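A short write-up of the structure that comes next.
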Amino acid sequence: MNVTAHSAAPVDSAALESAAAETAPASPDLSRSISLWFGENARDLPWRRDGFSAWGTLVSEFMLQQTPVNRVIPRLSEWLERWPTPKDLASVPPGEAVRAWASLGYPRRALWLHAAAGQITERHGGIVPEDVDDLLALTGIGDYTARAVAAFAYGHRHPVVDTNTRRVIARAVTGQAEPAPPSRGRDLEAMSALLPAEPAAAAVFNAAIMELGAIVCTSRSPRCAVCPIQDACAWRAAGYPAYDGPKKAVQKKFEGSDRQVRGLIMAELRATHHPVTDAEIEGLWPDAVQRSRALAGLLADGLAVTTEPGMYALSQG
DNA sequence: AAAGCGTGGCC
DNA sequence: TGGCCAAGCTT
């Protein structure tokens, strides 16, 4: 299967990865320094424990899509205790997954994870696939998550590029304060150029550069004084120039937004174990137009269902 | 392909 | 205070 079928980007990343596999990383010192630092400074996180399952890795990656580590950890352990395999999750109604998602945010991810569990059960005998294209074919899994699971759960050699990785490469390699807007092909190529040849070392490096971006080379206030690659950093060498690339899209204000209204309705649906009435929903938000727009959106997304006229609940099945 | 999608912590 | 940010994905 052609990986580019999943994207308009004219890059054959499979060929890219196999070509890179035959060569040493472009900056072996940089890669080695980051991995060595990781060996000494990696946080003790659940998904880094020995014996953590591929399913656990997949669940953690879903939860970590846009939600900070510290908020994920307690939900993840509850989740895996309750649903230790994909089949266990697939056997309950999607609304149960949405309820257990609690306040992690972006509850569509819970729906997608539930759908992916069903697909894994049906297509892959209940075993999380290890092939990137098989992973990409699952609902809610994109370029980052597919490669993260293949690399971290199965030890395969793939470039794993997340927002932390992009930032570290932008600074250390490119010499810019912030990365340009994400570009699938360019990002995979840049990471491939740094990736160690050995699969195990590559998996470590993927985690290591993410970790460096998460706790040292941070977005707001990078701790350059304790950075293990400060002497090799192109941004430092250039005198820490300010970012001058294209402006990033501003995140819209949450207060008063449709997203806030959706969140209030979802919180109500999660909190009650019986259908919620129109009257109860009215009490959540004063603006009727915005309220009905939010509710219609939740119904369209499958996050809520109508149990009978004027009554709503989480999806039952 | 730009926009939409939650929630909470931080400075 | 309020804007910014957080292991992205889908349409």
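No hydrogens, no waters, no symmetry mates; every other heavy atom, side chains included, goes into these values. Just so it is clear, the structure is predicted and the values come from calculations on it, not from any experiment. Lettering follows sequence order; numbering is per chain, from 1.
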_Is the phosphate of dG8(B) approached by Arg75(A) (side-chain N or O, under 4.0 Å from OP1 or OP2)?_
no
*Hey, is the side chain of Thr67(A) poking within less than 4.0 Å of OP1 or OP2 on dG8(B), counting only N and O atoms?*
no
_Ring centroid separation Trp101(A) to Trp79(A) under 6.0 Å_ = yes
*Does a side-chain N or O from Arg109(A) land closer than 4.0 Å to OP1 or OP2 of dC9(C), or not?*
no
*Can you tell me how far P of dA2(B) sits from NZ of Lys248(A), to the nearest Å?*
16 Å
*Would you indicate, yes or no, if dG8(C) has its OP1 or OP2 atom less than 4.0 angstrom from a side-chain nitrogen or oxygen of Gln66(A)?*
yes
_Between Lys248(A) and Glu178(A), does any side-chain N to carboxylate O distance fall below 4.0 Å?_
yes
*Just compare dA6(C), dC4(C), dG8(C) and give me whichever is closest to any side-chain atom of Val250(A).*
dC4(C)
*In whole angstroms, how far is the C1' atom of dA7(C) from the CE atom of Met191(A)?*
13 Å
*Just how far, in rounded Å, is P of dA6(C) from CZ of Arg166(A)?*
11 Å
_Rounded interatomic separation in angstrom, taking CG from Leu303(A) and P from dT10(C)_ = 15 Å
*Give Thr218(A) one of three labels, base, sugar-phosphate or nothing, depending on what nucleic acid heavy atoms sit under 4.0 Å from its own.*
nothing
*Taking NZ, NE, NH1 and NH2 as the nitrogens, is one of them in Arg82(A) or Glu96(A) under 4.0 Å from a carboxylate oxygen of the other?*
yes
*Given dA6(C), dG9(B), dG6(B), which nucleotide is nearest the side-chain atoms of Arg167(A)?*
dA6(C)
*For Arg259(A) and dT10(C), give me the distance from atom CZ to atom P, rounded to whole Å.*
17 Å
_What I want to find out is whether Asp301(A) reaches Arg262(A) closely enough, with some N-O distance under 4.0 Å, to be called a salt bridge._
yes
*Name the nucleic acid region contacted by Pro182(A), choosing base, sugar-phosphate or nothing; use a 4.0 angstrom heavy-atom cut-off, strictly under.*
nothing
*Mind calculating the distance between CD1 (Ile215(A)) and P (dC5(C)) to the nearest angstrom?*
19 Å
*Can you find a side chain N or O atom of Thr165(A) that sits less than 4.0 Å from OP1 or OP2 on dA7(C)?*
no
*Inspect the contact between Arg75(A) and Glu78(A) and indicate whether a charged nitrogen and a carboxylate oxygen are less than 4.0 angstrom apart.*
yes
*Any N or O donor-acceptor pair linking the side chain of Arg220(A) to the base of dC4(C) at under 3.5 Å?*
yes
_Between P of dC5(B) and NZ of Lys252(A), the distance in whole Å_ = 8 Å
*Does Arg108(A) get its side chain close enough to the base of dT10(C), under 3.5 Å, for a donor-acceptor pair?*
no
*Provide the full list of ring-ring contact (aromatic ring centres under 6.0 Å, His included) pairs with a residue in residues 206-264 of chain A, sequence neighbours left out, each pair given once.*
Trp235(A)-Tyr240(A)
*Please state the C1' separation for the pair dC5(B) and dC5(C) - nearest whole angstrom.*
16 Å
*Does the side chain of Tyr312(A) pick up a donor-acceptor pair with the side chain of Glu268(A) at under 3.5 Å?*
no
*asked:* Give me the distance, rounded to whole Å, that separates dA1(B) from dT10(C) when you measure between the C1' atoms they each carry.
replied: 12 Å
*With the side chain of Ser219(A) defined as its heavy atoms from C-beta on, choose the nearest nucleotide among dA6(C), dC9(C), dT7(B).*
dA6(C)
*Where along residues 33-64 of chain A does a heavy atom fall under 4.0 Å from DNA chain B?*
none
_Using the side-chain heavy atoms of Gln251(A), tell me which of these nucleotides is nearest: dG8(C), dG6(B), dG3(C)._
dG6(B)
*Closer to the 5' end of DNA chain B via nearest nucleotide, is it Trp112(A) or Phe254(A)?*
Trp112(A)
*For residues 31-50 of chain A, pull every pair meeting salt bridge (Lys or Arg N to Asp or Glu O under 4.0 Å), keeping only residues two or more places apart or in separate chains.*
Asp29(A)-Arg32(A), Arg43(A)-Glu211(A), Arg48(A)-Glu211(A)
*Indicate, with a heavy-atom threshold strictly under 4.0 Å, whether Leu104(A) touches base, sugar-phosphate, or nothing.*
base
*Between dC4(C), dG6(B), dC9(C), which nucleotide has the shortest distance from any of its atoms to the side chain of Tyr106(A)?*
dG6(B)
*Atom P, compared across dG8(B) and dC9(C): separation rounded to whole Å*: 23 Å
*Would you classify Thr163(A) as touching base, sugar-phosphate or nothing, given that sugar-phosphate means primed atoms plus P, OP1 and OP2, and contacts are heavy atoms under 4.0 Å?*
sugar-phosphate
*Map Ser103(A) and Ser221(A) onto DNA chain B by nearest heavy atom, then report which one ends up closer to the 5' terminus.*
Ser103(A)
*Spacing of Gln65(A) atom CD relative to dA7(C) atom C1', expressed in whole Å*: 8 Å
*With rounding to whole Å, what would you report as the distance between dC11(B) and dA7(C) at their C1' atoms?*
23 Å
*Judged by modelled atom types alone, do Thr277(A) and Glu280(A) share a side-chain donor-acceptor pair under 3.5 Å?*
yes
